[in-house]
Amino acid sequence: MANRPGYQTHDDLLNLEDDNEGPYYSSGQRATVTNEQMLHDYDTEAAGRGRISTSHDDFVGSSQPTAGLPGGPGVSVTTPGGGAAAFLAPPFGDPGRNYSQTSGLGNYQRYSDMDNDTYSEAGGAGYYAAGGGIDEDNVPGLPLNNKAKHRSRNSILSLGGGITGRMKHALGMGPDYSEMDLPLTEQGVHRADSDSTAADQAAPKKRKTPGSSFKFGIPGRNKIDPATLGPRIIHLNNPPANATSKYVDNHVSTTKYNAATFLPKFLFEQFSKYANIFFLFTAILQQIPGISPTNRYTTIVPLGLVMIVSAIKEAIEDNRRRSQDRQLNKSATRVLRGTRFEDASWIDVQVGDIVRIDSEEPFPADVVLLASSEPEGLCYIETANLDGETNLKIKQGIPETCELVSPAELARLGGRIRSEQPNSSLYTYEATLTMQSGGGEKELPLAPDQLLLRGATLRNTPWIHGVVVFTGHETKLMRNATATPIKRTNVEHRVNTQILLLGVVLVVLSIISSVGDLAVRLTIGRNFFYLDFPDTNAARLFFSDLFTYWILYSNLVPISLFVTVEIIKYWQAYLIGSDLDIYYAPTDTPSNCRTSSLVEELGQVEYIFSDKTGTLTCNMMEFRQASIGGFQYSNDVPEDRRVGSEDDIGTGIFDFKALEQHRTTGRMGNAEQIKLFLQLLSTCHTVIPETNSEKPGVIKYQAASPDEGALVDGAVQLGYKFVARKPKLVTIVSDGQEHEFELLAVCEFNSTRKRMSCIFRCPDGKIRCFCKGADTVILERLAYRDEIVEKTLLHLEEYAADGLRTLCLSMREVPESEFREWQSVFNTAQTNVSGNRADELDKAAELIEHDFTLLGATAIEDKLQDGVPDTIHTLQTAGIKVWVLTGDRQETAINIGMSCKLISEDMTLLIVNEENSEATRSNIQKKLDAINSQNAGSAEMETLALVIDGKSLTFALEKDMEVLLLDLAVKCKAVICCRVSPLQKALVVKLVKRHLKAILLAIGDGANDVSMIQAAHIGIGISGVEGLQAARSADVSIAQFRFLRKLLLVHGAWSYQRISKVILYFYYKNTALFITQFWYSFQNAFSGQVIYESWTLSFFNVIFTAMPPFVIGIFDQFVNARLLDRYPQLYQLSQKGVFFRMHNFWSWVGNGFYHSLILYFVSELLYWDDHVLPNGKIAGHWVWGTALYTAGLVTVLGKAALITNLWTKYTVIAIPGSLLFWFIWISVYATVTPLPALNFSTEYKNVLPVLFTDPSFWLMAVVVPVLCLLRDFAWKYAKRMYFPQAYHHVQEIQKYNIQDYRPRMEQFQKAIRKVRQVQRMRKQRGYAFSQTDESQARVLQAYDTTRERGRYGEMASSRR
């Protein structure tokens, strides 16, 4: 059993064990069992230990029941007898204990999405440790308990520990159960055992967690996590029996809210903004009689409007997510109803249903394979959406069910499946199928080989039949998904801080005014007998005044700031979605900004974490070039390389038509080599030809590897067509004749051998060994090295320099006697049962793979998406570091890195590829010491690239080594992580997120990228061929990687600059007008008297200055799109936060104080002595207040005009239009509202006739704003002329359309790079052979393509 001493297991999910090169896929055969293992497996006296599967122990008769286990390894369960099952530190028992699942060393740490991820604060309310309202009374040993139904799984309130975390727990809003809390490795389980023994000896005292039974929404929804239960029993063709188990339906939701949770979650999110808390407090103060100097509704009404607008925006965005979920849930599939398959929606698929999936269709749920159209129940699936692997995986039904090809046979199928409970392990599965057999029941084992996961796609197989075992949020794909997090932007965090600072300023001003009032009353108060000051306690008066002035100065904090910014962001997101430059016409896919609140973060990205397959590449292989006998051939020859004369033969390239001529005429002397080269391409592979009776002559090749398919297609293109396969025979057609090659043996490819050999008896009767593989392994097995070999090596260097995937092809003739002697050795190795069969087969292959003759080399293009190299190069120029996280092997990843310009020719590759923790630490430390000892400058840092594989990464992500890894990684210009799991992708992102104050962007196209996308500050999903799982979980979705260039460099830079300017302008305009109240308090004996009418004051932000921020925030461009793209270095302005630093905040607020000072005191001079009018009357307080308000409005609108870079018709409407609207509004409002019928705002009674006829009013409205803005204009002039920034120069280029002469220099640099590239390739060559490591022999032995398919499209096995 797993975790028992001495037992060997293959449940090594993260490839930690030394002898594993990649994920282990079961062959479907039972492993060899020794007596010692049997003793361990069935030793009922041994102490129970947990294992990754929650249900295995029940299957083999262990004394320890699985009920109560949480679905992962090592979870503590105290038994009544005092014994303990496998151990995991209790989440509440050790507040400092946190978890991860990468620990090969058992040093588990929690990874949180919070920026302030402090371990000490997490306590028992941590993000992952909490479990979502755990009731310790109900579950012994504190297993994590998921209480949320699948429809509300995605809690946005799971944000970490501290006070807010504990508060959310008290409200029953803890995060849902997640298997990310559990170690996913065997090593992790063992370490958990040793670490937790002491903690589990004394069970914690049972107690009731407050709020554990409370959930927002319908009461009584608590539900135990299914992984804590025993095995699930699934009845075949018996829906009523399955209905009693109440399995979840196949509904999947990615929304943030539902009807019950919208209000509490929305209010929680809104009141996490300090400004809203501030205004709520102010609104409450205004309701207290005798405290407020203003109308009691002037704060609460605008606050309510702000909340309503924000709620509408959130509802619209969430409804968009809901509609996308609905579209997915309504996808069509076929379910067995009676004796025929009927169309049904995914959401209607239930556990126990038998479904039919056709080729190229995704699986709607987790399905156990029963039968397929291929021999022996074989099928091919593509899991790129799950694990990033491009190779097709081979799955196989068990022999007892693989004949169930007709609906009638399936309808008669009875029995049940005893399956493990849902869990997150993608590579393990344990179940038993009980069927009727010979009057009794027969139990059949089911393994990962029979499980088809949701998220995978059926390929190269016409159809399969399967029974559904997990649905909806219980599928392994969704168990690996994390809750949709709340993402707060860096700007929002800074605004919150600035709001606090403004609050401090407000408190200081209130204290000054309160002290002033107290001083006035205690000193000269008796002179103001007409004010009738009551005798009050000084302390009481002080605090009463403090609240009064708090309300009076409260407008210093802009009430409409957040809603204005939210609307601006929404429109910016709309403009991004409407941009035709990032619209992909071939698939009619526009960009879609699902989370508009993050748009300004697009302008601050420092790190990009990218998937490779489907994100950088198209996952389409194309046979491009070949080198045969020292001559180059290509399907697309550049004009400057085309062979035109005899002199060009040495360096020129022939096209494929010339290759045909050379083969038939022998003009170049390499006809025999061409013939053997093409025979090898068309025979030495594992491809299965698929014919279609409706289209005779058309052959579709089923290739487990895209490389294999490209090579066979290349052979067809060159005249050698592979037409049929039998277990021991391969048939090809060339020159109109069929040729049969008898397959004698196959030496399979694996990651160690890096080659594949097939031994054939050829049509001429000779035995030949065809071998293809990496140049490094083929060259050392050649019989001799001649001129042809040297020419081929030069060609390989050229292919690799172009980023093509290269293979060498070789051959030798094997004498009959040697083959017979070798065959006996090979057969002995094949039947070896000592446990090292693979090693024996490799040794046997070495005996015959020698003295080869080099035939040539192939070059396949792993077709990149359009514009990927230029995009990555431009992003790196902009100061953004790009890390590629891929499931592909190291050589493939490096090749793609070269072709997409992630790695340049002059870079030094730092490769970390170790088998254990100590070796990994030593490797990283040595490289780091070497870099530090050289005191490498920034120029030298540009030449470093780190390549690390998944196994080494597992060790490097441990708590005691992660900082070492990060120190090395940040010193490199590029980082490639290969052979990584989806979980490791997320952990790498969280590592950088925790330790660096940088904005991270993750981009991917598959379900395996979802956790990485959600872990980053910004998640970008590619709406590509891999499905829409990533796009649905992302903040922004685009169709092509190249669109990232404009998304960041243009829209991101614009958004950040616009949002920054709008926020600073808000601070300025409120300070400029409302601080005049503070200056006035020194002249009104600190009585709290207001200058302006209350509603007019409230409308300042909401109406009269509302439009300029919108126009600036939506349409302003500090540099146009073309020049932002032309000069990517400008991106560093927003990346480094140049537009929104703290000194910008203080300078704008200081400027507002300065303008308010001028406004107030100049208005005092103009209205000195209450401004006596010509008729002898005085103008009065409200005339002066309205005039000052007008002057302040003109000033802030003038400031808006001064900071506008791009004037449009909307700008004209917003700035001059707002001033015009003020005059119209005051004319109507001041006339109508004082009338007896309405009788409010009576301060305006008889004001208008005096105001509009007074020359001082018009003088003040013109002169005072000019005096205020004179300093601003002078500063802007000096800054541009004497202290210009980079964008000022580019603005000049834009203004005067100055020509740029840099392209000529770029051509020169490109030529230099080409020379360096070839030089580098001579030093270090890679290869790419994307063959599957699975057993190819069993596939070849099962197929006989000469047989016709049966009535239901099934192909019988060739073994019968």
Is there a donor-acceptor pair under 3.5 Å between the side chain of [X] and the backbone N or O of [Y]?
{"X": "Lys721", "Y": "Ser682", "answer": "no"}
{"X": "Glu474", "Y": "Pro422", "answer": "no"}
{"X": "Asn237", "Y": "Leu413", "answer": "yes"}
{"X": "Asp353", "Y": "Leu336", "answer": "no"}
{"X": "Arg356", "Y": "His465", "answer": "no"}
{"X": "Asp325", "Y": "Ser253", "answer": "no"}
{"X": "Tyr701", "Y": "Phe722", "answer": "yes"}
{"X": "Asn329", "Y": "His251", "answer": "no"}
{"X": "Gln450", "Y": "Gln396", "answer": "yes"}
{"X": "Gln436", "Y": "Gly415", "answer": "no"}

> Using 30° and 60° as the class limits, which term best fits the ring planes of Phe741 and Phe760: parallel, tilted or perpendicular?
Replying inline: perpendicular
For [X] and [Y], which heavy atoms make the closest approach, and how far apart are they?
{"X": "Val467", "Y": "Gly352", "answer": "CG2-O, 3.7 Å"}
{"X": "Gly1004", "Y": "Asp1009", "answer": "CA-OD2, 3.4 Å"}
{"X": "Pro462", "Y": "Ser373", "answer": "CD-OG, 2.9 Å"}
{"X": "Lys772", "Y": "Cys684", "answer": "NZ-O, 2.9 Å"}
{"X": "Leu236", "Y": "Gly414", "answer": "CD1-O, 4.1 Å"}
{"X": "Gly397", "Y": "Leu369", "answer": "N-CD2, 3.3 Å"}

If you round to the nearest 0.5 Å, how far is [atom2] of [Y] from [atom1] of [X]?
{"X": "Arg416", "Y": "Met435", "atom1": "CZ", "atom2": "CE", "answer": "12.5 Å"}
{"X": "Leu729", "Y": "Leu743", "atom1": "CG", "atom2": "CG", "answer": "8.5 Å"}
{"X": "Glu420", "Y": "Thr432", "atom1": "CD", "atom2": "OG1", "answer": "11.5 Å"}
{"X": "Leu477", "Y": "Phe470", "atom1": "CG", "atom2": "CZ", "answer": "13.5 Å"}
{"X": "His685", "Y": "Phe770", "atom1": "NE2", "atom2": "CZ", "answer": "11.0 Å"}
{"X": "Ser372", "Y": "Leu458", "atom1": "OG", "atom2": "CG", "answer": "8.5 Å"}

Note, [X] side chain near [Y] side chain (heavy atom, < 4.5 Å):
{"X": "Arg725", "Y": "Ile688", "value": "yes"}
{"X": "Ile234", "Y": "Ser245", "value": "no"}
{"X": "Val351", "Y": "Arg232", "value": "yes"}
{"X": "Lys395", "Y": "Leu452", "value": "yes"}
{"X": "Thr461", "Y": "Ser359", "value": "no"}
{"X": "Pro689", "Y": "Val723", "value": "no"}
{"X": "Asp713", "Y": "Met621", "value": "no"}
{"X": "Asp707", "Y": "Arg805", "value": "yes"}

> Knowing that exactly one of Asp348, Val349, Val468 qualifies, which makes a side chain to side chain contact (heavy atoms under 4.5 Å, CB included) with Asn250?
Replying inline: Val349
> What's the verdict on salt bridge (charged side-chain N to carboxylate O under 4.0 Å, His left out) for Lys442 and Glu400, showing C-alpha distance, side-chain angles and the deciding distance?
Replying inline: CA-CA 10 Å; Lys442 181 179 181 181; Glu400 289 79 2; 3.5 Å; yes
>> Quick one, Lys726 with Glu740, criterion salt bridge (charged side-chain N to carboxylate O under 4.0 Å, His left out). Give me CA distance, side-chain angles, the key distance, then yes/no.
In response: CA-CA 10 Å; Lys726 292 183 179 181; Glu740 292 186 343; 6.0 Å; no
> Can you check side chain to side chain contact (heavy atoms under 4.5 Å, CB included) on Phe1041 and Leu864, steps first, answer last?
Replying inline: CA-CA 10 Å; Phe1041 183 84; Leu864 292 172; over 6 Å; no
>> Go through it in stages, so that I can follow the logic: the residues are Thr886 and Thr615, the test is side chain to side chain contact (heavy atoms under 4.5 Å, CB included), and I'd like the CA-CA distance, side-chain angles, deciding distance and then a yes or no.
In response: CA-CA 10 Å; Thr886 176; Thr615 303; over 6 Å; no
> Going through the checks in order, is the side chain to side chain contact (heavy atoms under 4.5 Å, CB included) test met by Ile394 and Tyr380?
Replying inline: CA-CA 5 Å; Ile394 300 170; Tyr380 295 89; 3.9 Å; yes
> Between Arg454 and Val252, is a side chain to side chain contact (heavy atoms under 4.5 Å, CB included) present by the stated rule, with each step listed?
Replying inline: CA-CA 12 Å; Arg454 179 180 179 132; Val252 169; 3.5 Å; yes
> Between Thr333 and Glu361, does any side-chain donor sit less than 3.5 Å from a side-chain acceptor?
Replying inline: no
>> Check this for me, if you would: do Arg337 and Asp343 make a salt bridge, where the nitrogen-to-carboxylate-oxygen distance has to be below 4.0 angstrom?
In response: no
>> Using salt bridge (charged side-chain N to carboxylate O under 4.0 Å, His left out), reason through Glu360 and Arg459 one step at a time and then give a plain yes or no.
In response: CA-CA 5 Å; Glu360 310 302 319; Arg459 302 284 190 204; 2.4 Å; yes
>> According to salt bridge (Lys or Arg N to Asp or Glu O under 4.0 Å), does anything in residues 463-473 pair up with another residue at least two apart or in another chain? List the pairs.
In response: none
